[in-house]
2 protein chains.
Amino acid sequence: MATSSEENYLKAIWKLTPDSEAVSTNALAEILAMRPASVTDMLKKLAAKKLIGYKPYQGVKLTASGRKKALEIVRKHRLWEVFLRDKLGFGWDEVHDIAEQLEHIESESLTDRLDHFLGFPKVDPHGDPIPDKDGKILSDTGILLAHGTVKTPYVVVGVVEHSPVFLRYLDSYGIGLGTLLAIDNIEAYDLSVKITINKKKSVLFSHEVARNLLVTEQ
Amino acid sequence: MATSSEENYLKAIWKLTPDSEAVSTNALAEILAMRPASVTDMLKKLAAKKLIGYKPYQGVKLTASGRKKALEIVRKHRLWEVFLRDKLGFGWDEVHDIAEQLEHIESESLTDRLDHFLGFPKVDPHGDPIPDKDGKILSDTGILLAHGTVKTPYVVVGVVEHSPVFLRYLDSYGIGLGTLLAIDNIEAYDLSVKITINKKKSVLFSHEVARNLLVTEQ
DNA sequence: ATTAAAATTTAGACTAGCCTAAAAAATAAT
DNA sequence: ATTATTTTTTAGGCTAGTCTAAATTTTAAT
Ligand SMILES: [Mn+2]
Ligand SMILES: [Mn+2]
Ligand SMILES: [Mn+2]
Ligand SMILES: [Mn+2]
């Protein structure tokens, strides 16, 4: 029904406003790595298909059916990421690019059988929640480690930044989903943080790292 | 590198002449369900990329690199078919259409990990051999049941016709890869065959069915 | 050897999806 | 309230991949 390109636009709009606020043409062009003029063209097509609400110069919003479609793509993307890691042994830094292709495979039964095969996972390898068959999706849990308090025991539940280079950096410290972290202290000067990983080694992270890690207490 | 469309053309050429004979424009148009004029256009593009040898009015042949590329697609297609049946539980009548999409996913490591995950299968759900990483592929085994002799014990190793309707017809008789068949007799009038399935029930098949079943002795 | 038929290519057109450059509208600054 | 800046849209252009209709070439039939 929808082309890969259309699906990428819908997903991008959803990512920018999971709660269906208005999104600007430039913001879309930015994350799609495309020119604003191209975005305007596509927005007209999506509007003609009633997948978005679009008034010139006013930004766009997903319609109910557009949001449903976007969540289908997100669901497929995240399920495939789980498959790639759990079944094929890819690292969390490798799964995204391949899932970008796999998310466009069209077959409802494929998606549902995959979900079943994977044991109905709740989150993907980056801790992001996986929408269910009906498009229901849990809200992201966790706070930024950068907003955490000293001495509180935390567990990593997700990442904000998804770039392979960041993920591999975390790998190099043995940090992944489920890793226990505690803040030893926060340096007032540059907000860098001293962290104890898994109750063992203590290391220093920049604020940049701390505000890209999602954690929950306990 | 190659587009999905280009890949489909290369695969179609390979299917028409696995041994790299010349293929006609019309034959390609036929199996690609496209117009000859469109095929001519694409042949020029493939020739420019040195994937085929093309002389106007003379038909086309795959070059070594074109054949390699074609076999990569066939490898991916057949591996995904195995995945869909073995891991997700799809029937052999359902896997082809989904594999038509999955075969275009680009990632060498994905293909190789999938192969490993599946236990390096030798044949796909229809009995067709799966090319290895280097493009080596076994020649099809088996003879047509229609060419078989009475009373010889045969085992089904493949199908010629791949249509879901034919495959489901076989399902309805409990016939799949590995099923034991014996020809009780061949009717001289219309070449219909009386067959014993798995040494149990005996049924009558048209010649049409018999020449779409591949079997080997014993 | 001509002529007829079939196969193939060429010519011209269309859509999707992108682009650049210019125009228009909205927003921010004076 | 103008003017300047930023955002967005319009206009026109390009490529890939398809199509129809017409021309050309090859093959088959007389
Ligand atoms: Mn991802
Ligand atoms: Mn993810
Ligand atoms: Mn197939
Ligand atoms: Mn097959």
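Letters A, B, ... are given to chains in the order of the sequence lines, protein chains preceding strands, and every chain is numbered from 1.
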Using whole Å, report how far [atom1] of [X] lies from [atom2] of [N].
X	N	atom1	atom2	result
A:Arg35	D:dT7	CZ	C1'	14 Å
B:Lys49	D:dT15	NZ	P	14 Å
A:Asp41	D:dT8	CG	P	15 Å
A:Met42	C:dG17	CE	C1'	6 Å
A:Glu6	C:dA16	CD	P	9 Å
A:Met34	C:dC19	CE	P	6 Å
B:Leu43	D:dG17	CG	P	13 Å
A:Glu30	D:dT8	CD	P	12 Å

Can you see if the side chain of [X] gets near the phosphate of [N] - specifically, an N or O under 4.0 Å from OP1 or OP2?
X	N	value
A:Ser24	D:dT7	no
A:Ser5	C:dA16	no
B:Tyr9	D:dT18	yes
A:Tyr54	D:dT9	yes
B:Ser38	D:dG17	no
B:Lys44	C:dT9	no
B:Asn26	C:dA6	no
B:Lys45	D:dG17	yes
B:Thr25	C:dT9	yes

Distance under 6.0 Å and angle within 45° of ring axis: A:Lys87 vs A:Phe117: yes

Lys/Arg cation over aromatic B:Tyr9: B:Lys45, 6.0 Å, 45° cone: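 The answer is no; the distance or angle limit is not met.
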
Sugar-phosphate only, base, or nothing, as touched by A:Pro56 at under 4.0 Å among non-hydrogen atoms: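 Sugar-phosphate: the residue A:Pro56, judged by heavy atoms under 4.0 Å, touches backbone atoms but no base.
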
5'-most by nearest nucleotide on DNA chain C - A:Tyr57 or A:Thr3: A:Thr3

Backbone N/O of A:Glu106 and side chain of B:Gln101: donor-acceptor pair under 3.5 Å: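 Yes, because the side chain of B:Gln101 sits within donor-acceptor range (under 3.5 Å) of the backbone of A:Glu106.
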
Name of the residue among B:His77, B:Arg78, B:Arg85 meeting side chain to side chain donor-acceptor pair (under 3.5 Å) with B:Glu81: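 Filter result, single survivor: B:His77.
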
B:Glu30, CD atom: more than 12 neighbouring heavy atoms under 6.0 Å: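 For B:Glu30, atom CD is not crowded (no more than 12 foreign heavy atoms under 6.0 Å).
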
